[in-house]
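For reference, the structure discussed in these notes is given below.
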Amino acid sequence: MPERRIDQASGLRRLFGAAPWRRPVCFVAPDPALARVGMLSLADGFEAHGIAAHVDGRSGASEPPALRLFDDPLRLADPARAADGIDLVVQGMAGPAGITDLYGRIKQLAAAHRVERLGVVLVGPVERAIAERCRANLVDALDRFIGVRVDMWGSLGTGRAFRRAALAGTSVQSLDRDSEESREFERLAGRLYGDAGPRSGRVTH
C-alpha cells in the first residue's frame, strides 16, 4: 500500500537521515550485466523508501549522506571507500551447484573486504526441500569456515525480469514496478537501510 510505504520511508529518514551512510553496498553477480541490474534495482528500491543512493559510474557528485552503490568489487580497492567495511549482496543460482559457486565467491570477497552484512539473492526454480537444504548448507559453511553470516535472503524466482533488464541495461522496476521481482528489490533495500546500525560483535547461529 502506498501509504504504508510512505510511512516506512518517513520512519527510516527520521532514524538515519541525519547520519552519513558510511558503508558502500556492493551487488555482485556471475554476469557483470546482471550485477549492474542488481545495483540499479537496489537504487530504485532505496528510492521507493525515500532514500537517496549514488550509483557508481553515474554522473553527478555524491553528497556525504548518499548511500554508495557498486557493482564491481574492484572499485572498492581504494581503502577510503571501504574503511568501515561493506554491505555485500551476492546473486547466485538456486540449487546445489549454484550454492557451491556462491560459497566460493563469498569466500573470495570476504578475504578482500570486511563484510559487515551479507545478503544472498537466488534465481532459478528448485524444489522447496532442496532449496532449504542448500540454504542451510551455505549458512553453516560460511559461519564455520569464514565467520560470515547471511543477514538477508532474496528470491527472484525464475528471474525473467532480472534477465530482461540486463538486456536493456536498466533496473527491474523500470520494466514493471509492480512485479514480484521489483517488490523483492524494494524489500532488500528496506532491510539494508533499516538494519544499518553498527553491529555489536559477531553474531552466531
If I compare all heavy atoms of P24 with all of L76, which pair ends up nearest, and what's the gap? CG-CD2, 3.8 Å

With the 4.5 Å side-chain cut-off for hydrophobic clustering, are V123 and L167 part of the same group? no

Say you draw a straight line from CD of E186 to CD of E181; how long is it, rounded to the nearest 0.5 Å? 13.0 Å

Report the residues that fulfil salt bridge (Lys or Arg N to Asp or Glu O under 4.0 Å) with E47, sequence neighbours left out, ordered by chain and then residue number. none

Co-members of the apolar cluster containing V126 [side chain, <4.5 Å]: I130

Under 3.5 Å, side chain of E116 to main-chain N/O of D87, donor-acceptor pair present? no

Report the C-alpha distance between I106 and L142 in whole Å, list the side-chain angles of each, state the deciding distance to 0.1 Å, and finish with yes or no for side-chain contact (heavy atoms from CB on, under 4.5 Å). CA-CA 8 Å; I106 294 170; L142 290 173; 3.6 Å; yes

Say you draw a straight line from CG of N137 to CD of E132; how long is it, rounded to the nearest 0.5 Å? 12.0 Å

Over 60° means perpendicular and under 30° means parallel, so classify the ring planes of F185 and F27, tilted if in between. tilted

Audit row: L156, L122, side-chain contact (heavy atoms from CB on, under 4.5 Å) steps and yes/no: CA-CA 6 Å; L156 300 178; L122 298 176; over 6 Å; no

Any chance you could measure F162, atom CZ, to Q91, atom CD, to the nearest 0.5 Å? 4.5 Å

dist R191:CZ -> H49:NE2 (nearest 0.5 Å) comes out at 12.0 Å

Transitively linked via ILVMFWY side-chain contacts under 4.5 Å: V139 with L109? yes

Just so I know, are the side chains of L88 and V28 near enough to count as touching, which here means a heavy-atom distance under 4.5 Å? yes

Separation between CZ of R149 and CG of L118, rounded to the nearest 0.5 Å: 10.0 Å

Is a salt bridge present between E180 and R187, judged by a nitrogen-to-oxygen distance below 4.0 Å? yes

Listed partners of D72 passing side chain to side chain donor-acceptor pair (under 3.5 Å), at least two apart: none

To the nearest 0.5 Å, what is the distance between CG (L192) and CG (D151)? 9.0 Å

V90 and V121, any side-chain heavy atoms less than 4.5 Å apart: no

Are V150 and Y103 linked, directly or through other ILVMFWY residues, by side chains that come within less than 4.5 angstrom of each other? yes

What heavy-atom pair brings P73 and C26 nearest, and what distance separates the two atoms? N-SG, 3.9 Å

Of all residues at least two apart in sequence or in a different chain, which pass the side chain to side chain donor-acceptor pair (under 3.5 Å) check with T100? none

How would you list, by chain and number, every residue that makes a side chain to side chain donor-acceptor pair (under 3.5 Å) with R105, sequence neighbours excluded? D101

When the side chains of residues 32-45 are checked against the rest of the protein, which donor-acceptor pairs come out under 3.5 Å, sequence neighbours left out?
{"residue": "R36", "atom": "NH1", "partner": "D56", "partner atom": "O", "Å": "3.0"}
{"residue": "S41", "atom": "OG", "partner": "V37", "partner atom": "O", "Å": "2.8"}
{"residue": "S41", "atom": "OG", "partner": "V172", "partner atom": "N", "Å": "2.9"}
{"residue": "D44", "atom": "OD2", "partner": "S171", "partner atom": "OG", "Å": "2.5"}

Results of salt bridge (Lys or Arg N to Asp or Glu O under 4.0 Å) for R133 - residues two or more places apart only: none

Is a side-chain donor or acceptor of H113 paired with a backbone partner of G85 at a separation under 3.5 angstrom? no

Do you know the tightest heavy-atom contact between S182 and R177? CB-O, 3.3 Å

same_hphob_cluster(M93, L188) at 4.5 Å side-chain heavy-atom cutoff: yes

Donor-acceptor contact below 3.5 Å, side chain E184 vs main chain S155: yes

What are the two closest non-hydrogen atoms of C134 and G95, and how far apart are they? SG-C, 3.6 Å

R135 meets the side chain to side chain donor-acceptor pair (under 3.5 Å) criterion, sequence neighbours left out, with none

